[in-house]
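Order of listing sets the numbers, starting from 1, for every ligand and every atom in it.
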Amino acid sequence: MNYYPNIEKIKFEGTESKNPFAFRHYNPEEVVLGKTMKEHLRFAVCYWHTMTQDGSDPFGNAVNKRPWFGKTAMDTARNRVEAFFELLEKLGAEYFCFHDVDIAPEGNSLEEFFQNIDEITDLIKQKMDETGIKLLWNTANMFSNPRFVSGAASTNQAEVFAIAAAQVKKGLDVSKKLGGANYVFWGGREGYETLLNTDMKFEQDNIARLFKMAVNYSEKIGHKPQFLIEPKPMEPSKHQYDFDAATTLQFIQKYGLENDFKLNLEANHATLAGHTFEHELTVARINGALGSIDANQGDVLLGWDTDEFPTNIYDVTLTMREILENGGIAPGGINFDAKVRRSAFDVEDLFLAHIAGMDTFARGLKNAAKLKQDGFLEELIAERYASFQTGIGASILADQEDLESLSTFALEHEDAEVKSSHIEYVKNVLNDYMK
Ligand code: XUL
Ligand code: CO
């Protein structure tokens, strides 16, 4: 079945092209800093926003026109696999991500849910073998079902903890079956509403307990994906345990999970936490924990997770600067955790939106590469800390000073000149790179 008969494989046509169904910046085979764009960017399409989102919001009904609805939920699920892989092939996206509930209906029991997953992942595997498209990560949705109202791993109800564990086990079995590179935990309901009824330490110990079970099981079945935790500060819980990169790293380190866990960072989650995305990426990178990214953007005028496709060249350039600094993002990738706006309801918009995101990241990559090659910021930073390269600074870095020796030095040098940052000049030069 051909779900998008009017759309051919999307090709790179260059900046002069007026064809909306062409890349104007993303040229997969073009080499940038010794690697192809495709190798740098490792684009993934997500199943949830792309295949299951209907365009409804709290005030309005579904608007999205999708050709894959069938007579039963399983018919729809089967059609989606076809439609999804056709979209990925035409876009030239090499990876994909999904939650268990995105691909298969839950049915009337856990047993039926798992059978549905088995049937649909057979189809997915077939498509992966035919096309060479790979699984970047999968995850278990442990937040939508009403049973998770008070948490999944952090629940007060032991039976619910067991169901979460069963979903994670199934998720790892699926990861093995499909050769998943990473496995994600986003703790949608792992947080709390009020301390009046919450034992925070108990809940966090239990989250770590489930994570350790996941590591043990993956070792047992001989398939160890890179485990990733995705921080987010709010929505849906008032207090989310994985607030941001720093909080999540503290959790990983406290429970001794650092050998198996890294972070999956999302741009709009960073801004909700009151951080720039590059702040979050840097916190992860300098701690050796930058695993993968969920690419999207929020709206400065709206205070929630709008999950827009990334089109802001400035922000994406700074994102790519961090990814280059990290030496790349593999085995992670750039997953578009983004949805078309409600007014963009045609199926063609799914292509246009991904083309926009892919072109923006290609521009960001080229801008960041040029910035790195020119060394403008590197020189600026080296110069800014230059006082630590000689004299007393070098002696501090060599751990040859203490409070007494520095006190003696300070009494003789208190009139040292403090330098201006000239930061407006820096930003003016940076603008020259935003192409
Ligand atoms: C929620 C979110 C999730 C995770 C996977 O804001 O980003 O879709 O990426 O559960
Ligand atoms: Co996400």
Inset, instruction - Using the six-membered ring wherever Trp is involved, compare the ring planes of Phe84 and Tyr47 and label them parallel, tilted or perpendicular (cut-offs 30° and 60°). - result: tilted
Inset, instruction - Report yes if the distance between the aromatic ring centroids of Phe143 and Trp186 is under 6.0 Å, otherwise no. - result: yes
Inset, instruction - Kindly check if the number of other-residue, nucleotide or ligand heavy atoms within 6.0 Å of NZ (Lys125) is above 12? - result: no
Inset, instruction - Would you tell me whether Gln204 and Ser154 have side-chain atoms, one donor and one acceptor, within less than 3.5 Å of each other? - result: no
Legend entry - Proximal protein residues to ligand 1, non-hydrogen atoms under 4.0 angstrom: Trp48, His99, Trp137, Trp186, Glu230, Lys232, Glu266, His269, Asp294, Asp305, Asp337
Inset, instruction - Determine, step by step, whether Glu13 and Asn19 satisfy the side-chain hydrogen bond (donor to acceptor under 3.5 Å, both in side chains) criterion, reporting the C-alpha distance in whole Å, the side-chain angles of both residues, the deciding distance to 0.1 Å, and the verdict. - result: CA-CA 8 Å; Glu13 292 184 5; Asn19 175 7; 3.2 Å; yes
Inset, instruction - Find, among atoms of Glu266 that are N, O or S, the one nearest to the Co ion (ligand 2), and state its name. - result: OE1
Legend entry - Passing candidate, side-chain hydrogen bond (donor to acceptor under 3.5 Å, both in side chains) with Asn296, options Asp307, Asn335, Asp337, Asp305: Asp307
Inset, instruction - Specify which N/O/S atom of Asp294 comes nearest to the Co ion (ligand 2), by atom name. - result: OD2
Legend entry - Of the N, O or S atoms in Asp337, the one nearest the Co ion (ligand 2): OD2
Legend entry - Steps toward side chain to side chain contact (heavy atoms under 4.5 Å, CB included) verdict (Phe251, Phe211): CA-CA 11 Å; Phe251 176 92; Phe211 288 173; 3.7 Å; yes
Legend entry - Contact check: Glu230 to the Co ion (ligand 2), N/O/S below 2.8 Å: yes
